[in-house]
Number of protein chains: 2
Amino acid sequence: MKDVAARAGVGLKTVSRVVNGEPGVTPDTERRVQEAITALGFRRNDSARILRKGRTASIGLVLEDLADPFYAPLSRAVEEVARAHGALLINGSSAEDGERERELVLALCARRVDGLVVVPAGGDHRYLEPEIAAGVATVFVDRPAAGIEADTVLSDNFGGARAGVAHLIARGHRRIGFIGDLPRIHTAAERLRGYRAAMAGAGLPVDESWVALGPTGPDRVRADTERMLADRGPGPVTALFTANNRVTVTVVRVLAGRQRRVALVGFDDFELADLLTPPVTVVAQEPALLGRKAAELLFRRLEGSGDAPQRLELPTRLVPRGSGEVPPQP
Amino acid sequence: MKDVAARAGVGLKTVSRVVNGEPGVTPDTERRVQEAITALGFRRNDSARILRKGRTASIGLVLEDLADPFYAPLSRAVEEVARAHGALLINGSSAEDGERERELVLALCARRVDGLVVVPAGGDHRYLEPEIAAGVATVFVDRPAAGIEADTVLSDNFGGARAGVAHLIARGHRRIGFIGDLPRIHTAAERLRGYRAAMAGAGLPVDESWVALGPTGPDRVRADTERMLADRGPGPVTALFTANNRVTVTVVRVLAGRQRRVALVGFDDFELADLLTPPVTVVAQEPALLGRKAAELLFRRLEGSGDAPQRLELPTRLVPRGSGEVPPQP
DNA sequence: CTGAAAGCGCTTACAG
DNA sequence: CTGAAAGCGCTTACAG
């Protein structure tokens, strides 16, 4: 910039004015400055600008896995809102590891992102307190934070799961299995609570062999599914409720290889669910809407909204397609 | 940092040493500085650090759509490599718009990212010349850049498409339709070239009504598919080659609603392809590998490799599953 | 082992 | 309409 000023024979401030399109420069001066800029290949260094202005016009997004078909649209929605506000998006995957989440979040804070959208993986977010106190707006999405008060956008995991299981009960099922994610994950726990509420609401007992929680890798899910389908103790389950899209996909594979028809309702919609045999009934969330709402809340904070932390809960939608309407088979 | 120094009764440089874990500080001094840091809630401002050091330890990724099931794993792979090198990832979607790509790339350059991985959308990348000259390492992935020399990582689009179409020809198909993306997109053009090469190689004529190019939205693809399946002129096609995963998914939907069985081979693998009826034969690429190779190449440049620009071409793999083995039906 | 000075490339506040 | 000075928060190069 100094070089540009020297070449154009003007002061630094004038170059700054031209670069930022500020008023108060004669057309003639402006032309001279523009010429110097192109001749020297000048490109403004935003690092310096950021240092001086305080705002970075960038926000951070930390989620579990950028490549997961549930989080990818969420991420894209956050990006679109950021773009509409002239901000860039820095994002990273926590891989469901609390320590990695913390490292990422703190790295983003050190870069002085204006705000943060976080899908929490860790079990304690008090490490964020100094950052929030220092002015980093933070919104949690998909799951609530632990240990601090902050804006949060969630789906109705409890209600959605309860409705899905009630749907199976209404079709005559009495022995219904639940295959879910790690119980420390909020969404997994809420969906399990929904399952239990639906069963209890219908006066049905839950045999604990019908509940399987754990990592969503195919091996574990396959093993648990096969165990539940085997005839043991209280009789095999006639229906399954799968608590997220990764689990559902694996269970669909297991069921595809079997004679006996077992009813299935899955939490989370997924592409091509309607073209499977039978088409898969799901409790659908809207990942893009979660992302959009979270980002909008974030920018409202950045614009100075001083309301108390908000908690939004988005509804889910039961989509009957066939697999959830299979009657109980002996 | 000034406050910390004052409170600890030391110089600025000593605080800097402690914050960066540099040697040459007595344990006692270090303790005093640490106390001041926690008491004041000091957090290093990386913007200032970046301004001084020159390197930002961040790279940019610009692709078509973060939420696309093809690009999401590519993006995740780039993130993992960046993480291994201690860098953050800033990314954005161009939405297949050359102007938006340019804006994003230039915004990333203004932030002085150390390097750039780009899936080009625009048709002219000379705007990047000054940036590259200024030292921003750039790698293009999935598609080559136009108008400049740069490192590039591609799939074997031509060979993959030719093999897929040859597979259909070997099953006895003579009238094969091609449904592809916009012809200005490099991958789309290459795959079409592969189709034509396979047909020509078998001495088969191509009726131009069998070739449909355009945006990959469901309406256009559905209309073109239905048109090709209708009996007209040279007779209806008995097989279709779909040139990317978005197109394939729509065509699967169209075929699912029809009596006559039509063979199908799609470019790009996709989740659940093996559970459809019939399971879908595909020419698979490895999006994560594309991303990983591109990012590795980028970091090799950042470490100072001065070789001539490289062009990597990754092989594709034909995965027969059923839909591509359907014989010709009248 | 420790620190004062200069500077990274901008913007802010002010004066002409 | 234009510019000189100070400063954003660090690090670098140097001296003690």
For [X], report the nucleic acid contact type (base, sugar-phosphate, nothing); a contact means any heavy atom under 4.0 Å.
X: A:Thr29; result: sugar-phosphate
X: B:Arg17; result: base
X: A:Val19; result: nothing
X: B:Lys13; result: base
X: A:Asn20; result: sugar-phosphate

Any donor-acceptor N/O pair under 3.5 Å between D:dG9 base and B:Arg44 side chain: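 Answer no: no donor N or O sits under 3.5 Å from an acceptor.
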
Of A:Ala48 and B:Gly24, whose nearest nucleotide on DNA chain C comes first from the 5' end?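 First, find each residue's nearest nucleotide; the 5'-ward one identifies B:Gly24.
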
Between [atom2] on [N] and [atom1] on [X], what's the gap in Å once rounded to a whole number?
X: B:Arg112; N: C:dG9; atom1: CZ; atom2: P; result: 9 Å
X: B:Arg55; N: C:dC8; atom1: CZ; atom2: C1'; result: 16 Å
X: B:Arg111; N: C:dC10; atom1: CZ; atom2: C1'; result: 14 Å
X: A:Lys2; N: C:dG7; atom1: NZ; atom2: P; result: 8 Å
X: B:Ile50; N: C:dC8; atom1: CD1; atom2: C1'; result: 12 Å
X: B:Arg31; N: C:dC1; atom1: CZ; atom2: P; result: 16 Å
X: A:Leu12; N: D:dG7; atom1: CG; atom2: C1'; result: 14 Å
X: B:Ile37; N: D:dC10; atom1: CD1; atom2: P; result: 10 Å

Starting the side chain at C-beta, find the nucleotide from [options] nearest to [X].
X: A:Arg52; options: C:dC10, C:dA6, D:dG3; result: C:dC10
X: A:Asn45; options: C:dA6, C:dG9, C:dG3; result: C:dG9
X: B:Leu51; options: D:dC10, C:dC10, C:dC8; result: C:dC8

Mind checking whether B:Arg76 and B:Glu79 have side chains closer than 4.5 Å, heavy atoms only?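 Yes, their side chains come closer than 4.5 Å.
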
Would you mind pulling out the nucleotide paired to C:dT2, Watson-Crick or G-U wobble, both distances under 3.5 Å?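 Its partner is D:dA15 (Watson-Crick or G-U wobble, both distances under 3.5 Å).
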
Is it the case that the side chain of B:Ser93 and the backbone of B:Leu66 share a donor-acceptor pair, with hydrogens and angles ignored and the cut-off at 3.5 Å?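 Pair found, side chain donor or acceptor close to backbone of B:Leu66.
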
Has the side chain of B:Arg301 got a donor or acceptor atom that lies under 3.5 Å from a matching backbone atom of B:Asp307?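 The answer is yes, because a donor-acceptor pair under 3.5 Å joins these two groups.
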
Parallel, tilted or perpendicular for A:Phe299 and A:His85, by the 30°/60° rule?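 Rings of A:Phe299 and A:His85: parallel, under 30°.
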
Nearest-0.5 Å distance, CG of residue B:Asn157 to CG of residue B:Asp142: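 Result: 7.0 Å between the selected atoms.
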
Spacing of CG belonging to A:Asp3 relative to CZ belonging to A:Phe42, to within rounding of 0.5 Å: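 One finds 9.5 Å between CG of A:Asp3 and CZ of A:Phe42.
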
Is the phosphate of [N], meaning OP1 or OP2, less than 4.0 Å from a side-chain N or O of [X]?
X: B:Ser16; N: D:dC10; answer: no
X: B:Thr26; N: C:dT2; answer: yes
X: B:Lys53; N: D:dT12; answer: yes

